[in-house]
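A quick write-up on the structure given underneath.
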Protein chains: 2
Amino acid sequence: MNESTSPAPARRSDATRRAILEAARERFAADGYERATIRAIAHQAKIDPSMVMRYYGNKEGLFAAAVAIDLKLPDAASLPRGEEGRTLVTHFLDQWERNEVLTALLRVGATNDAGAERMRGIFSDQLLPLARRVCPDPEQAPARAALVSAQLLGLALTRYVLRFPPAVHLHPEEITAWLAPTVQHYLTAPHPGP
Amino acid sequence: MNESTSPAPARRSDATRRAILEAARERFAADGYERATIRAIAHQAKIDPSMVMRYYGNKEGLFAAAVAIDLKLPDAASLPRGEEGRTLVTHFLDQWERNEVLTALLRVGATNDAGAERMRGIFSDQLLPLARRVCPDPEQAPARAALVSAQLLGLALTRYVLRFPPAVHLHPEEITAWLAPTVQHYLTAPHPGP
DNA sequence: AGCATAGGCCAACAAGTGTTGACCTCGGGG
DNA sequence: CCCCGAGGTCAACACTTGTTGGCCTATGCT
């Protein structure tokens with residue numbers, strides 16, 4: 001619908017490609033890397049397993065294509081001062097509820113090194129720069145970003161992967177009310193000292 | 001060395017059984033459930049794969065035996081009032097650094113439902129009761145315990161599973177200095193309200 | 001000493017995996 | 001109209017997995 005801006009030649013098989021990617025995300029998110037077999041993905045996409053190979057080369061390539069996504073973190077400069085924690089938490093929750101790519105990434109990252117590497121990349125490409133701009137001493141940025149990611153990924157883990165019942169039943173507003181001050185603290189509070 | 005108190009008949013194969021369990025924990029912790037093959041475990045334990053089946057029935061049984069462990073959380077009554085957060089964090093860090101069972105459990109829990117169920121059991125059997133005794137309104141205990149587990153497991157995830165470099169390089173004392181107030185807050189602070 | 005038995009190894013099975021290549025089948029441009 | 005290539009299916013490959021049963025070995029009891 002927008003041929004001029006996108007360099008893609010708009011092949012006739014685009015619908016199938018999308019179906020494969022969608023099924024792949026769902027299976028990876030539900031089963032992890034090993035148990036999400038190409039046959040199961042192909043079955044769910046209602047096509048033949050060999051099509052997956054034709055379009056994505058091999059399973060690694062399929063996974064890479066399925067989790068190629070941008071977090072679109074808000075720019076650090078545009079954040080209201082003092083509200084960085086709240087903004088981050090709501091943004092994360094929103095992304096996580098909307099699409100299952102992040103759940104797939106987290107589940108795969110726990111057992112597959114390519115997945116873990118992808119998570120490390122997201123961390124250092126997107127969260128770290130933000131921390132560098134927000135937190136007082138840039139030298140402390142990596143540690144502070146690590147603390148923030150531990151808090152946020154910990155919530156995702158217990159809520160979307162391990163499915164602890166109380167974590168699942170928490171309302172998004174309640175999560176924000178609890179986590180936002182913590183994240184804000186990790187980003188901007190003075191170092192507590194050992 | 002203590003035959004009277006232990007009901008185990010002290011079989012001659014106990015050394016082998018221990019070797020299998022040790023290798024199993026190491027492989028599960030490093031590779032997760034699927035990629036930790038019985039053959040790999042047997043090879044590391046320097047015995048035949050069929051011995052694993054003989055002693056533990058099947059792979060599920062081996063996993064169950066390998067992760068049958070008690071967190072040994074300190075009793076809520078014995079905690080110094082106001083220091084529950086610090087005690088919990090140091091205790092968790094200590095357990096996690098000491099043996100790899102917890103890493104195995106976390107890694108497997110991300111993809112295997114038996115593993116996730118085991119984690120949910122530990123949560124509700126060990127952390128929840130503690131929260132019920134420590135936090136002001138017992139009705140809020142599940143939510144508060146969930147927040148605490150999100151913070152603690154998030155740290156374990158980024159440090160021992162995903163291995164974010166800044167999380168790996170954090171010193172235990174620094175982790176405690178940052179996390180103890182957070183955990184204490186989640187346990188005892190008044191509800192922030194949505 | 002003799003032997004039952006627990007400890008251990010070897011080879012094989014059936015099932016499921018990623019991956020490949022040969023083969024159909026249309027749809028649109030010459 | 002024909003045909004050619006992209007889209008799609010089928011069957012098979014080589015390999016790995018969990019699991020099994022038969023066989024050997026040596027330990028400890030009588």
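Lettering follows sequence order; numbering is per chain, from 1.
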Heavy-atom distance under 4.5 Å between the side chains of Arg17(B) and Asp14(B), does that happen here?
yes
What residues form a salt bridge (Lys or Arg N to Asp or Glu O under 4.0 Å) with Arg120(A), not counting sequence neighbours?
Asp113(A), Glu117(A)
Which residues share a side chain to side chain donor-acceptor pair (under 3.5 Å) with Asp94(B), sequence neighbours left out:
Arg98(B)
Once you apply a heavy-atom cut-off of 4.0 Å, does Tyr56(A) come out as touching a base, just sugar-phosphate, or nothing?
nothing
DNA chain C base-pair string [pairs: Watson-Crick or G-U under 3.5 Å; |: paired with another strand]:
||||||||||||||||||||||||||||||
When the side chains of residues 151-158 of chain B are checked against the rest of the protein, which donor-acceptor pairs come out under 3.5 Å, sequence neighbours left out?
residue	atom	partner	partner atom	Å
Gln151(B)	OE1	Tyr186(A)	OH	2.8
Thr158(B)	OG1	Gly154(B)	O	3.0
Thr158(B)	OG1	Leu155(B)	O	3.1

Contacts to DNA chain C from residues 111-119 of chain B, heavy-atom cutoff under 4.0 Å, which residues?
none
If you define the side chain from C-beta out and look only at heavy atoms, does anything of Leu21(B) sit under 4.5 Å from Leu62(B)?
yes
As an exercise, state the distance from CG of Leu128(B) to CZ of Phe123(B), rounded to the nearest 0.5 Å.
4.5 Å
Rounded to whole Å, please give me the gap between CD in Glu34(B) and P in dG16(C).
15 Å
Can you check whether Ile175(A) reaches Arg159(A) side chain to side chain, under 4.5 Å on heavy atoms?
yes
Between side-chain atoms of residues 24-31 of chain B and protein atoms elsewhere (two or more places apart, or another chain), which donor-acceptor pairs fall under 3.5 Å?
residue	atom	partner	partner atom	Å
Arg25(B)	NE	Ala66(B)	O	2.7
Glu26(B)	OE1	Gln44(B)	NE2	3.2
Glu26(B)	OE2	Gln44(B)	NE2	3.2
Arg27(B)	NH1	Gln44(B)	OE1	3.4
Arg27(B)	NH2	Asp31(B)	OD2	2.9

Please list, in numerical order, the residues of residues 22-31 of chain A that have a heavy atom closer than 4.0 Å to any atom of DNA chain C.
none
How about Phe92(B) and Leu71(B): do any of their side-chain heavy atoms sit closer than 4.5 Å?
yes
In chain order, what residues pass the side chain to side chain donor-acceptor pair (under 3.5 Å) check against Glu100(B), with sequence neighbours excluded?
none
First and last nucleotide of DNA chain D, 5' to 3', lying under 4.0 Å from heavy atoms of chain A:
dG7(D) to dA12(D)
Could you pull out the closest heavy-atom pair between Arg35(B) and Thr111(A), with the gap in Å?
NH1-O, 2.9 Å
Side-chain donor/acceptor of Glu84(A) to backbone N/O of Gly82(A), under 3.5 Å
yes
Which salt bridge (charged side-chain N to carboxylate O under 4.0 Å, His left out) pairs, counting each pair once, include a residue from residues 54-80 of chain B, with sequence neighbours left out?
none
At a cut-off of 3.5 Å, list every protein nitrogen or oxygen paired with a nitrogen or oxygen from nucleotides 19-24 of chain C, distance to 0.1 Å.
residue	atom	partner	partner atom	Å
dT19(C)	OP2	Lys59(A)	N	2.9

Any salt bridge (charged side-chain N to carboxylate O under 4.0 Å, His left out) pairs touching residues 123-149 of chain A, not counting sequence neighbours?
none
What is the distance, to the nearest angstrom, from the CD1 atom on Ile47(B) to the P atom on dC10(C)?
12 Å
Just the rounded figure in Å: distance from C1' of dT17(C) to CG of Leu62(A).
15 Å
Heavy-atom closest contact (Ala167(B) atom, Ala146(A) atom, distance)
N-CB, 3.8 Å
